[in-house]
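Note that the structure is a prediction, hence the values are computed from the model and not measured. Read the numbers this way: they start at 1 and go in the same order the structure lists the ligands and their atoms.
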Amino acid sequence: MVTTTRPRRVPTKIVRMSFSNPSPSDATPRTSNFLRQIIESDLEKGTYASRHWAGSPGDAAHHAAGHPDTARIRTRFPPEPNGYLHVGHAKSICLNFGLARDYAGICHLRFDDTNPEKEDVEYVNSIVDAIRWLGFEWNGVKDAAPYQASDYFDFMYRAAERLIEMGHAYVDEQTAEEMRANRGDFGQPGVDSPCRNRTPAENLARFREMRDGKHADGSMVLRARIDMASPNINMRDPAIYRIRRATHHNTGDKWCIYPMYTYAHPIEDALEQITHSICTLEFEDQRPFYDWLLEHLCEGGLLASPPPHQYEFARLNLTYVITSKRKLAQLVNEKKVAGWDDPRMPTIVGLRRRGYTPESLQLFAERIGVTKADSWIDYSTLEGCLREDLETKAHRAMAVLNPVKLTLINWDDVMGVGHLEPCTQSALPHPPEGVEAPARHFTIGKEVWIDREDFEEVPPKGYKRLFPGNKVRLKGGYVIECTGCIKDINGVITDVLATVVPDTKSGTPGSETVKVKAAITWVGVADGIQAEVRMYDRLFLDAQPDAGGKEFLDLLNPNSLKVVTAIVEPSLASALPDQKFQFERHGYFVADRVDHVTGSKAVFNLAVGLKDSWGK
Ligand code: ATP
Ligand code: MG
């Protein structure tokens with residue numbers, strides 16, 4: 001059978017994890033895990049201490065001529081440039097780069113571009129940007145060019161010839177159907193191909209013909225010669241080279257045969273002197289072939305010893321989220337979202353526009369840890385990490401998301417006609433050490449905007465905000481006492497009315513003598529600015545939109561985006577795209593690119609609410 005892609009994920013049992021007691025982000029402890037234990041044990045035993053490194057990837061002779069490797073371990077992140085990276089990749093990036101950082105090693109960025117049809121330079125660039133944004137550098141040199149698996153095609157070809165010479169590979173001319181039928185299944189051993197016992201010389205001649213374009217696409221493949229009766233079906237003479245007339249973005253039309261992923265990947269690792277090759281669990285059944293291949297190529301003197309070793313960990317499954325590039329592409333192509341960087345997308349570019357920080361994603365990766373059993377992580381864990389990171393960093397600001405006007409009916413009398421009183425508040429109530437919190441300036445006058453929800457004509461039980469006869473503080477301003485409201489002919493409230501209590505301005509002596517039970521946020525009519533605020537919610541209604549054969553496109557949340565016109569305080573006029581804020585009492589927001597179609601308004605995206613409220 002010819003598989004051109006990697007093994008598919010199998011459904012796994014669901015274990016729920018919850019983190020009720022998060023640790024502070026600035027002192028995130030590096031919890032041990034099975035990979036750390038393996039690395040520590042290898043370092044102690046000196047498993048890889050004798051390795052040489054020639055400064056660039058290469059075969060045994062190349063590295064033998066180099067120096068003892070100063071990197072104590074080498075890990076790698078090997079994306080296929082066929083889509084944008086998502087939160088699952090972020091886990092893998094933080095894991096591989098994090099291990100290299102913690103054990104004085106180097107992590108490689110390698111584009112796994114052995115499949116000629118699917119790659120695109122748009123994806124290559126976005127992957128480079130995403131990793132850099134997450135805070136990592138690759139290949140041990142600043143601004144190094146990433147490695148490319150397609151640069152190893154010559155070696156892969158040479159290795160294939162060597163396997164043939166050693167009697168470990170043969171050209172098979174069975175049809176795809178015959179090969180599939182003859183592979184057997186779990187209960188049934190496979191049947192040898194009639195081509196299996198050709199001589200190395202015959203196989204070499206055929207393989208060279210394949211390379212030289214003498215045979216049609218799909219007419220024959222090169223197979224490893226292992227064991228057609230192996231209980232592991234992946235060991236029943238897997239295909240390692242196929243004929244495919246396709247132009248490759250790196251090598252052009254040089255090749256009409258391409259290596260299979262399962263053959264290419266171990267070789268890529270070995271040429272790069274990777275020590276710990278960490279991948280997701282679905283590759284576990286491939287490990288025997290990984291070892292088989294590298295063992296024979298080391299034996300044949302082509303690759304340096306000791307070869308890399310593969311370890312598997314559980315991929316990230318996040319509730320309410322899809323982490324399949326193919327399905328994410330479907331959301332984009334079918335215009336269910338506005339693009340790869342739509343703030344509802346779990347892509348790194350999407351998370352970034354949603355307000356996620358590199359630190360919050362690193363914290364998330366650290367907190368969920370690595371295990372050998374598949375599990376589902378609750379979406380609230382991710383949100384909690386962002387909240388935790390922004391708590392001390394995001395500047396505070398006031399915003400009124402659902403505005404109604406409040407008129408202070410005695411203002412002109414007690415403060416003076418048209419008077420605007422300047423107010424000052426700190427942008428950071430609890431600044432991190434060594435950070436000086438900037439001050440925010442705004443004014444209060446006769447008219448201010450408040451949130452509609454902060455007034456009730458007839459207050460429900462326990463309601464502490466504005467209702468006739470009640471006093472509240474306008475945060476950072478004055479205490480006011482509500483007197484009533486004005487409604488239009490439809491009964492919709494157009495104005496809330498109140499009186500200002502003199503001498504209660506926040507921060508002035510005696511301001512606390514009038515006691516109130518609540519402080520509400522507000523923005524002055526005189527200096528508030530209009531902003532478009534995009535209130536995002538989860539993209540799917542189902543916690544596992546991708547599981548059990550469900551049609552994920554039918555499970556989209558119709559209310560995942562609501563756009564409101566808000567009034568925000570004047571300090572936000574200078575907000576730069578990507579800057580995060582806490583809109584007091586509302587949540588964390590990030591300034592977005594201004595949409596010139598809708599004018600020069602400021603635009604903010606909801607990153608995460610102040611409390612975990614979803615589903616409650
Ligand atoms: P997809 O299924 O979305 O196409 P992939 O695994 O094919 O993902 P690659 O570009 O090959 O995507 O992934 C690069 C690395 O990221 C691999 O080592 C892979 O194991 C890892 N990775 C991908 N998805 C996840 C995930 N959900 N959790 C953890 N690691 C992941
Ligand atoms: Mg893939």
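Less than 4.0 angstrom separates some heavy atom of Phe77 from each of these atoms of ligand 1: 14 (C), 15 (C), 16 (O). Ligand-side atoms of ligand 1 in range of Ser324: 3 (O), range being under 4.0 angstrom from any heavy atom. In the vicinity of Lys325, heavy-atom distances shorter than 4.0 Å reach the ligand 1 atoms 1 (P), 3 (O), 4 (O), 8 (O), 9 (P), 10 (O), 12 (O). Ligand 1 places these atoms under 4.0 Å from at least one heavy atom of Thr323: 3 (O). Counting atoms of ligand 1 from 1 in the listed order, those under 4.0 Å from a heavy atom of Ser92 are 16 (O), 21 (C), 30 (N).
Between Asp374 and Asn317, some side-chain heavy-atom pair lies under the 4.5 Å cut-off. Contact annotation: the side chain of Lys254 never approaches that of Phe153 to less than 4.5 Å [non-hydrogen atoms, C-beta and beyond].
The side-chain tip of Arg110 does not point at the ring of Tyr147 from less than 6.0 angstrom away and within 45° of straight on.
Every N/O-N/O distance between Phe313 and ligand 1 stays at or above 3.5 Å. Any N or O atom pair closer than 3.5 Å counts here, and Glu80 shares at least one such pair with ligand 1. For ligand 1, the polar-atom distance check against His89 finds a nitrogen or oxygen pair separated by under 3.5 Å. At a 3.5 angstrom cut-off on N or O pairs, Lys91 does not count as close to ligand 1. For ligand 1, the polar-atom distance check finds an N/O of Leu316 within less than 3.5 Å of one of the ligand's N/O atoms. For the pair Asn82 and ligand 1, the shortest N or O to N or O distance does not fall below 3.5 Å.
Of all the listed residues (Glu312, Arg315, Arg326), Arg315 holds the heavy atom that lies closest to atom 2 (O) of ligand 1.
Heavy atoms of Pro79 found under 4.0 angstrom from ligand 1 belong to the backbone as well as the side chain.
Remark: the backbone N or O of Cys94 is not paired with any side-chain donor or acceptor of Gln362 at under 3.5 angstrom.
Just one of Phe136, Trp53, Phe97 meets the ring-ring contact (aromatic ring centres under 6.0 Å, His included) condition when paired with His108; it is Trp53.
Aromatic ring pairs are classed by plane angle as parallel below 30°, tilted from 30° to 60° and perpendicular above 60°; the pair Trp340 and Tyr123 is perpendicular.
The local environment of CD in Glu334 is crowded, with over 12 non-hydrogen atoms from other residues, nucleotides or ligands closer than 6.0 Å.
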Query raised in the report: Does the pair Tyr311 and His276 meet the rule for a ring pair (Phe, Tyr, Trp, His ring centres under 6.0 Å), with working shown?
Result: CA-CA 7 Å; Tyr311 302 94; His276 301 82; 5.8 Å; yes
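Ser56 and His62 share a side-chain donor-acceptor pair at under 3.5 Å.
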